[in-house]
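A quick write-up on the structure given underneath.
What you see is a predicted model; the values in this text were computed from it and never measured.
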Amino acid sequence: MTMQFAVLPPVRAGVCADPDWMIGFARHAEELGFESIVLVEHPVVISDYTSTYPYASSGRMPLPDDCAIPDPIDVLAFIAAATTRLQLATGVLVLPAHHPVIMAKRLATVDALSKGRVRLCIGVGWMREELEACGIDFSSRGRRTDECIDVMRALWADTEPDGAAFEGEFFRFSHAHTHPKPPRPGGVPIHIGGHSTASIRRAARRGDGWHPLGIRGDELRTALGQLHQEAEAAGRDPAAIELTLTGVSTGTTPETLAELDELGVDRLVVTCLQPDLEAAKDEMSHLAETVGLQPPG
């Protein structure tokens, strides 16, 4: 099995803004051999939202309004300074809520300082009220997201001495110079979160990876078939698009791992459930033993 394993801290417990908790958690994950740590994002939560959360039957997200959801890029920079190998990922960042020129700089900075450890998983956002609070037209968020991806990649590319240029519906510039560049060719890998038809198409055309949320079994197999068809239609090799899924620690068994391996899953993001740090470390240690992780040499 070549599957990699990432960990997501128990966001609901409000630990993601606790510096001692997060450093202890991240260092333990690195020592056990987990590939990455993943952080979620909401720039702002509007308590009386009428939008439908698409990943729960209730239509409501499973986080309290006052849950601590710190900026993931800032937290990843904090974790980067305390680790050496652990990959640093979002899952997911609401990309259209951010200006892509500024986000390109922030991501490139953390990626350069961490020696190429950043992975970006993005979504278009489901909470209309959140995007409107950020000054974004909800109906145009898909088109804006596509441009954001293209803008960041244009700025990360080696375009010296003339600089980067871009002309789109929302963003335009020429002779633009931004440094440092991400250390890896192609810049920071960008994965697409979600399982809508639009997200599948976006992953096939623009994504380095696809991270469907909340689907399994035949629904996932059908979506994977759509992804492969869209990728081939776009002239891309479907095998070049990484597949990441999310699970919980208690549901990660040898049987489920065998099923995921058969589907060609490249990475499993495992949600830890324990709010107490020592209990969370024990939970991760047990999980590492279950999946057969080896500490890095």
Taking [X] for its side chain and [Y] for its backbone only, find out whether a donor-acceptor pair lies under 3.5 Å.
| X | Y | answer |
| --- | --- | --- |
| R27 | A82 | yes |
| D266 | E242 | no |
| K281 | F25 | no |
| S174 | A164 | no |
| W156 | V151 | no |
| E232 | P238 | no |
| R236 | G207 | yes |
| D111 | G187 | no |
| T256 | T252 | no |
| T83 | L86 | no |

Run the salt-bridge test on [X] and [Y] with the 4.0 Å N-O cut-off and return the result as yes or no.
| X | Y | value |
| --- | --- | --- |
| E35 | R119 | yes |
| R221 | E262 | yes |
| R141 | D146 | no |
| R172 | E167 | yes |

**Request:** Examine V269 and V188 and state if one hydrophobic cluster contains both, with Ile, Leu, Val, Met, Phe, Trp and Tyr joined whenever side-chain heavy atoms are less than 4.5 Å apart.
**Result:** no
**Message:** Please determine whether residues I149 and V124 belong to a single hydrophobic cluster, defined as Ile, Leu, Val, Met, Phe, Trp and Tyr linked transitively by side-chain heavy-atom distances below 4.5 Å.
**Reply:** no
Between [X] and [Y], which heavy-atom pair has the shortest distance, and what is it?
| X | Y | result |
| --- | --- | --- |
| P275 | P10 | CA-CG, 4.3 Å |
| H98 | L93 | CD2-CD2, 3.7 Å |
| S114 | L88 | CB-CD1, 3.8 Å |
| D74 | R106 | OD1-NH2, 3.1 Å |
| P9 | W21 | CB-CZ3, 4.0 Å |
| L213 | T246 | CD2-OG1, 4.2 Å |

**Prompt:** So V92 and V40, side-chain contact (heavy atoms from CB on, under 4.5 Å) or not? Walk me through it.
**Reply:** CA-CA 5 Å; V92 299; V40 305; over 6 Å; no
**Message:** Please enumerate all residues that pass salt bridge (charged side-chain N to carboxylate O under 4.0 Å, His left out) together with D18, with sequence neighbours excluded.
**Reply:** none
**Request:** Would you check, one step at a time, whether the test side-chain contact (heavy atoms from CB on, under 4.5 Å) holds for I190 with I122?
**Result:** CA-CA 7 Å; I190 299 176; I122 63 96; 4.2 Å; yes
Return yes if a side-chain donor-acceptor contact under 3.5 Å exists between [X] and [Y], otherwise no.
| X | Y | result |
| --- | --- | --- |
| T90 | E41 | no |
| R60 | T52 | no |
| H28 | E278 | no |

**Prompt:** With a cut-off of under 6.0 Å to the ring centre and 45° to the axis, is R144 in cation-pi contact with F170?
**Reply:** yes
**Message:** Q4 vs T244, test: side-chain contact (heavy atoms from CB on, under 4.5 Å). Steps then yes/no.
**Reply:** CA-CA 9 Å; Q4 296 177 312; T244 300; over 6 Å; no
**Request:** Please test R128 against D137 for salt bridge (Lys or Arg N to Asp or Glu O under 4.0 Å), starting from the C-alpha separation and ending with a verdict.
**Result:** CA-CA 8 Å; R128 175 188 295 271; D137 172 35; 5.8 Å; no
**Request:** Mind running side-chain hydrogen bond (donor to acceptor under 3.5 Å, both in side chains) on T250 and E283 for me, showing each step along the way?
**Result:** CA-CA 9 Å; T250 53; E283 182 182 10; over 6 Å; no
A quick test of your reading: do over 12 heavy atoms of other residues, nucleotides or ligands sit less than 6.0 Å from [atom1] of [X]?
| X | atom1 | value |
| --- | --- | --- |
| E160 | CD | yes |
| D237 | CG | yes |
| H179 | NE2 | yes |
| H177 | NE2 | yes |
| E169 | CD | yes |

**Request:** Please check if the distance between the ring centroids of F138 and W126 is under 6.0 Å.
**Result:** no
How many angstroms lie between atom [atom1] of [X] and atom [atom2] of [Y], to the nearest 0.5 angstrom?
| X | Y | atom1 | atom2 | result |
| --- | --- | --- | --- | --- |
| E259 | L220 | CD | CG | 8.5 Å |
| E129 | S51 | CD | OG | 3.5 Å |
| I37 | L76 | CD1 | CG | 7.5 Å |

For residues [X] and [Y], determine if any side-chain heavy atom of one lies less than 4.5 Å from a side-chain heavy atom of the other.
| X | Y | answer |
| --- | --- | --- |
| L263 | R216 | no |
| C16 | V75 | no |
| R206 | R153 | yes |

**Item:** For H195, all residues meeting ring-ring contact (aromatic ring centres under 6.0 Å, His included), sequence neighbours excluded
**Value:** Y55
**Asked** Residues in ring-ring contact (aromatic ring centres under 6.0 Å, His included) with H99, at least two apart?
**Response** F171
**Worked check of side-chain contact (heavy atoms from CB on, under 4.5 Å) between R85 and K115** = CA-CA 9 Å; R85 298 183 180 89; K115 300 181 180 179; over 6 Å; no
